[in-house]
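Below is one structure; the comments refer to it alone.
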Amino acid sequence: MKSIHRHLSLRLCLVVGALLLLTGAGVFLAMKHLLRAQFDETLTAKARAIITASEIDDGEFEIDLTVQDFAGFGTGGSDYFEIRRLDGRLFQRSPSLALHPGGLWDGADFAPPQGNDGIVGEGAFRDGRSARFYVQRFQPKDDERQRFRDLYLVVASPDGAVRRQLAVLAVVLGIAGAAAIFLTIPSIRIGLARGMRPLERLTSDVAAIRPGNFGRGLDPADYPEELAPVARRLNEWIARIGDSFERERRFSANAAHELRTPLAELRVMADLGATWSDEATPERCREMLAVISEIEALLEKLSLLGSAESGRHVPEIAGIDLEKSLGQAIARHEALAAKRRIRIVPHVMPGAFRSDPVLWNAIVQNLIGNAVAHAPEGSDVVIEASPERLVVSNSAPNFEPADLDRMFEPFWRGDPSHASRSHAGLGLSIVKACAALLGANCSGRFDNGILSVAVEWPPNAADV
Amino acid sequence: MKLLVVEDSVRLRETLEKALTRMGHAVDVAADGADGAMMGAAGDYDAIVLDRMLPRIDGLEVLAGWRGRGVRTPVLVLTALGDTDEKVRGLRAGADDYLAKPFSLEELVARLDALVRRRYDQPDPVIRVGPLVIDTAARTASRGGGEIVLQAREFALLEYLARRCGRVMSREQIEAHLYPETSGPLSNAVDAAICSLRRKITPPGTEPLIHTRRGMGYVLQP
């Protein structure tokens, strides 16, 4: 797995190493250039001093010896010059070359210059020493008869001292660079380790959050300003995941709760029949079948809710006869309505209506079934239906306004006991999930003791 | 045992009543929290089976009400809420045991037996009264090694007297424990049951163990 620490350490070490290398090279080259330039300037100055000190006196060529000595060309000096004619013949040489009768360089090495400007170049003496050479044509002063106008000067100075200085500089820079790199690597690692501590703390804090402990979250104040927004964002996500977990947990617990009681009934009835054979009567078996039917109905509702909430059911829009579909739904609940002396009052506004027949039937059946089951005996259930909206209203004396927020939650019931087993509290959550799949809005209102649940289609919702 | 079952599910309530009655227990039933609270506070039950979620008054509120009023009857809470938090809440509210739905009748009865044994400070399910051995778990009785065949009601009467060995129990007390409040038994039902039981547990040539205290009632003692 890629490590940010390792990756950054390597990158930073490489970058810092390269920077040190470039800096060292830059310093070295700059110093080399500077020393060379100074050396060449001195060489040029010496050459010009020779040229300036050359003159024709009484028809003879002369160079002021004082200048020669001062410039280091005297006997024993370390600088040298030769004056030659353009045809290569040696005309004059510095006293310092007296110790080198054969000369330190071959005159043919330096072709006579074409112009009058001086040229500086690199070369080597015959004894192997490297040197800098200055070459320039010149004419001594007072050469009125033009006898010496074909002269050129070659000045040479060994540059070993400069090279040694550069070598020392290179060694110093190399050692300093190596030491810097040697110290930089641990410094970078320590610095990065310190710099990454908040990130590591964030990682361990996030790792410490367990599915059952989502409420803990992270405290943004514990982190530097760069990570505080991350902590805040993580808190938002943790809260959302926590809510989701809690909803799932509640849903599972409620589903298990709804199934436990009918299963207990089945178990105890089966135990009774198994213990005393005379208790295994057809009536008891019918009771057991009724319990199984209730469990099946609950599982079907759970399946429908799961399918609607997960979006697995893809709506297939078709034309629906509003009046006919409502009539069929009402007919299914007429027996219970008659038993509870409830009057179902439909108001249908005709019009072209398009929806998914399965989802539409689920909405209508659950809304009417819910109202008929929970309305007080002898009251009215009013249905208003149009292509734009469906509203089912009934009297709800035990309903509290605060219940409006919870009534669409799965398994919510005004009475949490099993007094009304046929309703597990899934009807309204199924209505809401189906409406959402159809792009409709589902809402509840409670005014003057009347609870109304409305499903409203925005324009073009049927095209979902 | 005299039991109270407070359960809102009609089928479960009726089936439990039927099963426990057939085992020889006197069973009273209540369908909601309000009735259950009243009956549990008024009746002298050996144990109470209480559903956790009840209409009108929640099961845990009923339980807390009993404990607040000094009712010490062992209570077994039945619940469809199976998570640990719920069990802890129930036990802290004063429940003596907790049983999650679905459950087997056998387990329910075994737990009720255990609760009643604890209540009467008799952790051993086998009660010995002289030569008489009563196994309340196996629901069998024997004397001197010879098995005694008893009907459920007779066994319940024997167990009732055995748990109160040496104490004189009046007819009214026995009746209240052997018959549910709604049954209204015949006036001589207790005497007839005592007579039948006495005959069965006293083979010829052996000492009688059930003694009549005139004007007071009956006592079981060696």
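As a basis for the values below, the full set of heavy atoms in this structure was taken, side chains included, without hydrogen atoms, waters or symmetry mates. Naming: A, B, ... by sequence-line order, numbering from 1 per chain.
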(Q) If you count every heavy atom of other residues, nucleotides or ligands that lies below 6.0 Å from Glu106(B) atom CD, does the total exceed 12? (A) no
Q.
I need the minimum non-hydrogen distance between Ala80(B) and Arg260(A), along with the two atoms involved.
A. O-CD, 2.6 Å
(Q) Could you measure the distance from the CE atom of Met53(B) to the OG1 atom of Thr261(A)? Nearest 0.5 Å is fine. (A) 9.0 Å
Q | Non-hydrogen atoms of Phe103(B) and Asp271(A) that approach each other most closely | A | O-OD2, 4.4 Å
Q) Do Val291(A) and Arg11(B) touch side chain to side chain, with heavy atoms closer than 4.5 Å? A) yes
Q: Kindly indicate, with the supporting measurements, whether the criterion salt bridge (Lys or Arg N to Asp or Glu O under 4.0 Å) is fulfilled by Glu279(A) and Arg22(B).
A: CA-CA 10 Å; Glu279(A) 292 290 350; Arg22(B) 289 207 64 160; 3.1 Å; yes
Q: Name the option with the most non-hydrogen atom pairs under 4.5 Å to chain A; the candidates are Asp32(B), Leu78(B), Leu12(B), Asp58(B).
A: Leu12(B)
Q: Check the surroundings of atom NZ in Lys200(B): do more than 12 heavy atoms from other residues, nucleotides or ligands lie under 6.0 Å from it?
A: yes
Q: Return the minimal non-hydrogen interatomic distance between Trp276(A) and Ala19(B), and the atom names on each side.
A: CH2-O, 3.5 Å
Q | Shortest non-hydrogen separation from Leu272(A) to Thr15(B) and the atoms involved | A | CD2-CG2, 3.7 Å
Q) Checking heavy atoms, do the side chain of Leu16(B), its backbone, both or neither come under 4.5 Å from chain A? A) both
**Q.** Within 6.0 angstrom of Arg240(A) CZ, more than 12 heavy atoms from elsewhere
**A.** no
Q) Under 6.0 Å from the CZ atom of Arg67(B), do we count more than 12 heavy atoms belonging to anything else shown? A) yes
(Q) Looking at Arg13(B) and Glu265(A), is there a salt bridge between them, counting it only when a charged N and a carboxylate O are closer than 4.0 Å? (A) no
**Q.** Neighbour count >12 (heavy atoms, 6.0 Å) for atom CD, Glu236(A)
**A.** yes
